[in-house]
Chemist: 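I am attaching a structure below and will ask some questions about it afterwards.
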Amino acid sequence: MTSVTLPLHLLITLLVFQVGCSHTPNPDLLAKEWGYQKKTVKGILFQHTLFINKVIKIGKDTGNSIHIYLEGDGRPWRTPTHIALDPTPRNPLMLKLMALDNNQAIYLGRPCYFELSPACSPIWWTFKRYSEEVLDSMAAVVERYTRDYDSIVLMGHSGGGALAMLLAERLPKTSAIITLAGNLDIEAWTKHHRYTQLTGSLNPASQPPLSKTIRQYHYL
């Protein structure tokens, strides 16, 4: 069975904290404070930064479930007309949320975030942020680190929620999805905010329904 060890009151507590937080520490400092391991790993097209909350011994019979944390879009645009040079989030909500999790967990960095440069150009954190290439690279990393686990729980905030939905169909072991303010229909989302359409990205709302065996919890 899958273990989802994040009570709703903890989610609400953290979200309230985020609203009132005006200063955000560097993700590396947060990781060091909480004892996370930091790794840089190769997916397919991209490199990814990982923060791991416990020692993972690949190739061992670990069983049970593993939680994968997916961050929001960060800061893809500096202004409405100027692309940011570094999209890395200033306030990594999911990295903080992972500190409340007693289960084995990994924070999976998105392509080009955390100052990773190979194969990067702004197209990957703007219009193609939810593209096939991004998803395939992230899925390859997840599969590498979860092959000895029975099930996967995907957790995503904002754009990470979109990625969680899109990754689930690529990861057969997915047993649950938890999203916080997820961008689950990117066409409706861009229209509502009058953003430019994300040409080259997949829309979770346009994909075939996920298996009924995958539990879904979507928090607004």
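Just so it is clear, the model here is predicted, and its values are computed rather than measured.
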Chemist: Say whether, by atom type as modelled, one donor and one acceptor occur between the side chain of Ser151 and the main chain of Thr174 under 3.5 angstrom.
Modeler: no
Chemist: With Asp136, which residues qualify under salt bridge (charged side-chain N to carboxylate O under 4.0 Å, His left out), at least two apart?
Modeler: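 Result, salt bridge (charged side-chain N to carboxylate O under 4.0 Å, His left out) vs Asp136: Arg170.
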Chemist: With rounding to the nearest 0.5 angstrom, report the CE to OH distance, Met165 to Tyr130.
Modeler: 13.0 Å
Chemist: Grab the two heavy atoms, one from Ala168 and one from Leu210, that are nearest each other, plus how far apart they are.
Modeler: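 Minimum heavy-atom contact is CB-CD1, 3.9 Å.
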Chemist: Does the side chain of Thr40 come under 3.5 Å of the side chain of His48 through a donor N or O and an acceptor N or O?
Modeler: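 The answer is no; no qualifying pair exists.
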Chemist: Report yes if some heavy atom in the side chain of Tyr107 is under 4.5 Å from a heavy atom in the side chain of Thr49; otherwise report no.
Modeler: no
Chemist: Going by the angle between their ring planes, with limits at 30° and 60°, are Tyr195 and His193 parallel, tilted or perpendicular?
Modeler: parallel
Chemist: Give me the one residue out of Tyr113, Tyr69, Phe114 that meets ring pair (Phe, Tyr, Trp, His ring centres under 6.0 Å) with Phe51.
Modeler: Phe114
Chemist: Report yes or no: do Asn203 and Asp185 form a side-chain donor-acceptor pair below 3.5 Å?
Modeler: yes
Chemist: Of all heavy-atom pairs between Ile152 and Leu154, which one has the smallest distance, and what is that distance?
Modeler: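 Scanning both residues, the minimum pair turns out to be CG2-CD2, 3.9 Å.
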Chemist: Would Trp124 and Val134 satisfy side chain to side chain contact (heavy atoms under 4.5 Å, CB included), going step by step from the backbone distance to the final call?
Modeler: CA-CA 8 Å; Trp124 300 114; Val134 167; 4.0 Å; yes
Chemist: Where is the tightest heavy-atom contact between Gly72 and Ser158, given as atom of each residue plus distance?
Modeler: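 Smallest interatomic distance, heavy atoms only, reads CA-CB, 4.1 Å.
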